[in-house]
Amino acid sequence: MSVQQYDEIGEAFEGFKSLPLTRYGEVPSFLGLVGDVEGRTVLDLACGTGFYSREFKRRGAADVFGVDISVEMIAAAREIEQRDPLGVRYEVGDVAELRTDGRRFDVALGVQCLNYARDIAEMERMCRNVHRSLVPGGEFFMLAQNPDYAFDCLSLDTYGFRCEPAGEELETGPRVRVTALLAPEPISIVSTAPRREVYAQCLRAAGFGEVEWVPLQVSEAGIREFGDDFWADLLAHPPLEMLRCRA
């Protein structure tokens, strides 16, 4: 993946979580998918500035270890940890070359993670590294671009984002440019939207089973804030989807 695009963002990345799609769709959906982590160990891959690392530590995880390839993202995560100590550890690392010093975790998280693989071989290597980092029966939870998204949510900017084809096709799937409509300046990130069969192939080759796709939902708080009609286009044409599997 291109590390530079994240190194240039730093702590501004935290602003993504304030946008309607993320605040009322992604975050509650992903937290609900992972569920109870009380007393469990959590490996947060492509952790960025540590948003989910902190959330799951607050929710009772015994230990949380965040890994990201971007030096600036990890620096921002550590700065937030210094301001509000929770006991989360962060390290710079590439999931394709993942090292956890022999430690194995109960839960692995991959929010916008596998979609940065440059080809199928690298994606499979990432999956194998995650599998090796989990205890037998451990769970891997992911959130990524919806593989079937046809760029047909016409009101996506209403929810805080734009999503458009980047005009390039990799072995894993099409390249996609996602822009977060933050003030004072929008932030764009380019990644890939791997096909469903590529996810299935790589995860199963790595030893994962019970692979299941899970749709994004809108929280009750989001319905109260904006009403049902506001979310209709997003739910009809969701740009994001979640995935779970077991080691």
Side-chain angles (χ1 to χ4, degrees), residues 1-3 5-6 26 29-30 32-35 42-48 52 65-70 93-100 103-152 163-178 189-217 237-247:
M1 65 161 285
S2 171
V3 181
Q5 63 180 340
Y6 280 97
E26 175 202 316
S29 293
F30 193 67
L33 178 72
V34 177
V42 176
L43 175 62
D44 188 4
L45 302 162
C47 68
Y52 285 109
F65 180 39
V67 178
D68 198 282
I69 197 171
S70 166
D94 185 347
V95 179
E97 309 295 338
L98 185 62
R99 298 288 183 269
T100 60
R103 295 197 57 218
R104 303 179 87 180
F105 297 81
D106 299 311
V107 172
L109 315 174
V111 174
Q112 303 290 11
C113 175
L114 297 183
N115 48 316
Y116 287 102
R118 289 165 291 192
D119 52 34
I120 290 174
E122 183 173 67
M123 189 164 165
E124 185 176 317
R125 187 163 69 251
M126 293 166 77
C127 292
R128 289 185 186 279
N129 288 340
V130 178
H131 191 277
R132 277 195 295 268
S133 301
L134 286 169
V135 300
E139 295 177 285
F140 184 23
F141 299 95
M142 290 152 276
L143 182 138
Q145 300 300 119
N146 179 351
D148 302 323
Y149 185 58
F151 307 98
D152 50 355
C163 186
E164 55 195 348
E168 183 183 4
E169 183 90 15
L170 299 188
E171 184 183 25
T172 55
R175 299 278 275 170
V176 175
R177 179 179 296 101
V178 175
I189 294 171
V190 177
S191 66
T192 305
R195 298 182 298 277
R196 284 185 201 277
E197 62 269 24
V198 172
Y199 278 106
Q201 172 188 333
C202 293
L203 288 166
R204 290 186 173 128
F208 285 102
E210 303 179 31
V211 178
E212 176 190 7
W213 287 93
V214 181
L216 216 66
Q217 303 292 330
H237 308 97
L240 300 172
E241 196 165 358
M242 301 181 296
L243 186 62
R244 68 188 302 166
C245 55
R246 190 177 296 274

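Computed from heavy atoms alone, side chains included, the values below leave out hydrogens, waters and symmetry copies.
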* To do: Search all heavy atoms of Asn115 against all heavy atoms of Thr192 and return the closest pair with its distance.
  => CB-O, 2.9 Å
* Counting only N and O atoms by type, is there a donor-acceptor contact under 3.5 Å from the side chain of Ser191 to the main-chain atoms of Tyr116? -> no
* Asked: Checking Asn129 side chain against Ala96 main chain: does a donor-acceptor pair fall under 3.5 Å?
  -> yes
* To do: Take Asp106 and Glu139, measure what side-chain contact (heavy atoms from CB on, under 4.5 Å) needs, and give me the verdict at the end.
  => CA-CA 7 Å; Asp106 299 311; Glu139 295 177 285; over 6 Å; no
* Asked: With a 4.5 Å limit on heavy-atom distance, are the side chains of Pro238 and Tyr149 in contact?
  -> no
* Asked: Taking it one step at a time, do Met126 and Cys202 satisfy side-chain contact (heavy atoms from CB on, under 4.5 Å)?
  -> CA-CA 9 Å; Met126 293 166 77; Cys202 293; over 6 Å; no
* Asked: Are the side chain of Arg246 and the backbone of Gly209 linked by a donor-acceptor contact shorter than 3.5 Å?
  -> no
* Backbone N or O of Leu170 within a donor-acceptor pair of the Arg118 side chain at under 3.5 Å? -> no
* Residue pair Leu243 / Leu203, side-chain heavy-atom distance below 4.5 Å -> yes
* Verdict with reasoning, Glu171 to Val198, per side-chain contact (heavy atoms from CB on, under 4.5 Å) -> CA-CA 9 Å; Glu171 184 183 25; Val198 172; over 6 Å; no
* Taking it one step at a time, do Leu98 and Leu45 satisfy side-chain contact (heavy atoms from CB on, under 4.5 Å)? -> CA-CA 9 Å; Leu98 185 62; Leu45 302 162; 3.9 Å; yes
* Asked: Looking only at atom types and distance, does a side-chain atom of Arg132 sit under 3.5 Å from a main-chain N or O of Arg104, one as donor and one as acceptor?
  -> no
